[in-house]
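Worth saying up front: this structure is predicted, and the values here are computed from it rather than measured. Labels below follow one simple rule: chain letters A, B, ... track the order of the sequence lines, proteins then strands, and each chain is numbered from 1.
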Number of protein chains: 2
Amino acid sequence: MTPVAGRGTGAAPRSVDVARLAGVSQKTVSRVMNDEPYVSEDVRRRVLAAAGELGYRSNNAARALASGRTRSIGVVTLGTALYGPASLLMGVERAVRDTGYALRVVNTMEGESAGIAGAVDSLLDQGVDGIVISEPIDEEGGAELSARVDVPVLVLGAPPPFAAPHVVTGGIVSGQMARAATEHLLELGHTTVHHLAGPQRWYSARDRLEGWRAALADHGRAEPPVVEGDWSAASGYAAGRELLADPALTAVFAANDDMAIGLMRALAEGGRRVPEDVSVVGFDDTPVAAYVTPPLTTVRQPFDAMAQGGLKLLVHAIENPGSDPLPMADPPVELVVRASSAAPR
Amino acid sequence: MTPVAGRGTGAAPRSVDVARLAGVSQKTVSRVMNDEPYVSEDVRRRVLAAAGELGYRSNNAARALASGRTRSIGVVTLGTALYGPASLLMGVERAVRDTGYALRVVNTMEGESAGIAGAVDSLLDQGVDGIVISEPIDEEGGAELSARVDVPVLVLGAPPPFAAPHVVTGGIVSGQMARAATEHLLELGHTTVHHLAGPQRWYSARDRLEGWRAALADHGRAEPPVVEGDWSAASGYAAGRELLADPALTAVFAANDDMAIGLMRALAEGGRRVPEDVSVVGFDDTPVAAYVTPPLTTVRQPFDAMAQGGLKLLVHAIENPGSDPLPMADPPVELVVRASSAAPR
DNA sequence: CGCAGTCATGACAGCGCAGTCATAAGCCGG
DNA sequence: CCGGCTTATGACTGCGCTGTCATGACTGCG
């Protein structure tokens with residue numbers, strides 16, 4: 001009368017069930033599942049066959065409880081569909097997959113009560129083995145947070161927002177490329193370059209501002225007033241309407257492509273031709289950048305490479321606690337010159 | 001000599017430690033942490049104070065093991081930064097947060113070996129309580145997959161790709177809006193409307209194709225040959241170069257905004273003015289759609305509402321097993337008319 | 001005042017794994 | 001041919017929590 005397994009048919013099989021079927025101990029099943037050494041080929045095969053037959057899948061909670069590791073990495077995202085952050089997140093997903101870890105995601109909406117600290121906290125609650133903070137924005141709470149973080153943290157695309165024990169930084173210095181973009185415009189012969197900045201709570205926006213500033217300083221050029229947007233094309237458009245007031249305007253470096261597109265629309269409406277009257281350079285190389293009118297000169301960021309490289313560091317830190325952090329090679333960033341930038345006049 | 005807790009200072013506090021400090025049983029701590037009834041206010045306060053003092057956070061793995069529920073929901077994404085899928089993912093993240101569940105993410109790259117089935121499988125391995133499949137694409141393997149799925153599944157933005165036990169569908173019928181977009185062009189006076197379709201492995205692309213087709217059929221119009229892209233502006237551009245060959249071309253409905261933008265560029269290069277010679281309508285209302293030249297008429301999808309509504313269904317299915325699925329109200333979709341569409345001539 | 005019913009709490013077991021240690025078998029060299 | 005090694009396996013335990021049940025205190029009511 002008793003069914004084979006002795007439990008209701010609905011219940012998921014456990015390692016003991018597999019063990020029984022394969023005629024081995026539960027521990028041996030565990031060994032096979034974890035690719036531990038000291039298992040004979042014969043036994044391994046029998047266990048795998050039994051597992052397959054029963055449709056066994058090991059219980060993650062039990063495994064995490066017993067081993068103290070969850071084999072998962074948490075990501076803090078910004079909760080926007082902006083091309084940069086979204087691409088970085090996708091890169092992280094792809095890269096995490098390769099490492100064998102699972103991915104947990106929480107997002108922190110800008111202006112939300114808890115912010116990054118809250119997001120990190122909820123990841124710690126979930127018991128992740130490591131944390132990725134992607135494109136952090138500036139906020140308070142970093143100090144108290146760092147005390148509670150007891151797993152390695154990877155900060156992607158910007159300097160770490162807080163000084164926690166095991167923080168590594170991966171990813172590019174986007175300031176460097178902002179500098180290159182600005183220099184591109186100067187070398188075309190523009191007297192100076194205006195900057196349409198991103199929201200300054202974002203490290204990456206500040207980075208780009210500083211890169212632009214450094215380029216102007218290097219070349220001994222006057223620094224025009226900065227106009228700040230919020231990354232959106234709408235804000236770029238609004239900024240463009242402001243900039244139209246300046247008859248001397250000949251070149252603008254925008255902190256991302258969306259703002260550059262909004263800016264170009266405002267310029268067009270104001271009767272300024274791009275690039276004949278005003279050159280525009282963006283940042284990100286979004287998929288549409290090459291197809292707007294005119295095609296946008298911009299900076300392409302290697303999101304996948306950043307994520308992959310950074311995760312390698314993180315996994316190293318997780319699996320070799322106490323060891324020195326791996327060095328991070330800055331992945332290649334590229335200035336893509338298109339029709340929106342040209343010599344003045 | 002023995003320190004207070006009797007364990008190394010590095011070890012995370014457990015509920016027994018809290019219990020000891022608060023002078024109650026471990027079970028009572030568990031009661032407080034889970035907001036169970038039958039705990040006096042006094043005890044509750046003492047326990048919370050003790051937990052705060054020790055920096056206690058409950059161990060998720062142990063909780064999951066004991067309760068059999070992980071309190072987490074898995075999402076299958078497409079691994080692209082395309083505006084639609086990325087927005088939907090963000091919407092899901094936001095919505096999940098409100099439900100109190102944690103989010104695990106896996107993505108299936110198009111053309112990858114395992115595909116959706118593999119992604120779902122890995123989520124099941126992780127032991128999620130429910131699964132969200134966002135924008136599924138067409139593929140085999142659905143049948144065998146459905147046998148293994150033992151948690152509720154929500155399919156967002158398209159019909160379910162497989163017949164699993166507990167599948168609910170949430171989200172809009174984008175075909176309906178494709179129809180509205182096409183009708184908008186017909187009502188402007190265009191004799192017929194071309195369609196620049198998305199990749200037909202995507203349900204949403206097929207939906208839009210069918211909506212377009214239905215609109216033409218309703219109005220008794222000839223159906224021009226379909227051009228298929230891959231969602232990218234580049235593919236829209238390529239399609240545009242093909243469409244230029246047709247001198248009778250006066251209106252195109254593109255399955256997303258990026259392709260519409262590429263298309264408009266090709267039209268511009270071919271000397272066809274938008275909207276004077278050719279009207280273009282897109283789909284998605286990406287943030288730049290309003291700022292390209294000319295501003296793009298398009299269809300705005302309420303990603304947040306779709307995700308929120310869908311997740312409500314999913315959580316209901318998780319927490320009330322066996323009950324009838326909740327009805328899903330289609331969230332409002334909106335045709336945004338801008339300058340890229342106008343009457344012919 | 002006594003009994004049933006609510007409320008508040010604790011003791012205990014067990015969730016399904018992995019870690020530790022014990023054990024047995026094979027293998028080698030002196 | 002025996003002591004010491006490597007290899008292969010199992011018994012047992014415990015990870016930190018939740019579920020079940022028992023227990024006692026307190027309540028109201030006939």
When all nucleic acid strands are considered with a 4.0 Å heavy-atom cut-off, which category describes [X]: base, sugar-phosphate, or nothing?
X       : result
B:Asn34 : sugar-phosphate
B:Ser30 : base
B:Val24 : sugar-phosphate

(message) Could you measure the distance from the CD1 atom of B:Ile318 to the CZ atom of B:Arg71? Nearest 0.5 Å is fine.
(response) 12.0 Å

(request) Look up atom CG in B:Leu21 and atom CG in B:Asp17, then write down how far apart they are to the nearest 0.5 Å. (result) 9.0 Å

Among [options], the one nearest [X] by side-chain distance:
X       : options               : result
B:Arg63 : D:dC17, C:dT9, C:dC17 : D:dC17
B:Thr28 : D:dT18, C:dT9, C:dC15 : C:dT9
A:Ser58 : C:dC17, D:dA8, C:dG16 : C:dC17
A:Lys27 : D:dT18, D:dG10, C:dT9 : D:dG10
A:Ala66 : C:dA18, C:dT9, D:dC17 : C:dA18

(message) Let me spell it out: for each of B:Leu65 and B:Ser25, pick the nucleotide of DNA chain C with the closest heavy atom. Which residue's pick is nearer the 5' end?
(response) B:Ser25

(message) Side-chain N or O of A:Tyr56 versus OP1/OP2 of C:dC17: is the shortest distance under 4.0 Å?
(response) yes

(request) Please figure out whether A:Pro37 or A:Ser67 has its closest DNA chain D nucleotide nearer the 5' end. (result) A:Pro37

(request) Give a yes or no on whether a donor-acceptor pair under 3.5 Å exists between the nucleobase atoms of C:dA18, that is its base, and the side chain of A:Gln26. (result) yes

(request) Measure distances between side-chain N and O atoms of A:Arg31 and base N and O atoms of D:dG10, and say whether any donor-acceptor pair falls under 3.5 Å. (result) yes

(message) Quick check: closest heavy atoms across A:Leu123 and A:Val75, and the distance to 0.1 Å?
(response) CD1-N, 3.9 Å

(message) Please find the pair of heavy atoms, one from A:Leu154 and one from A:Leu311, that lie closest to each other, and give the distance.
(response) CD2-N, 3.8 Å

(request) Go ahead and name the base partner of C:dC3; Watson-Crick or wobble counts if both distances stay under 3.5 Å, otherwise write none. (result) D:dG28

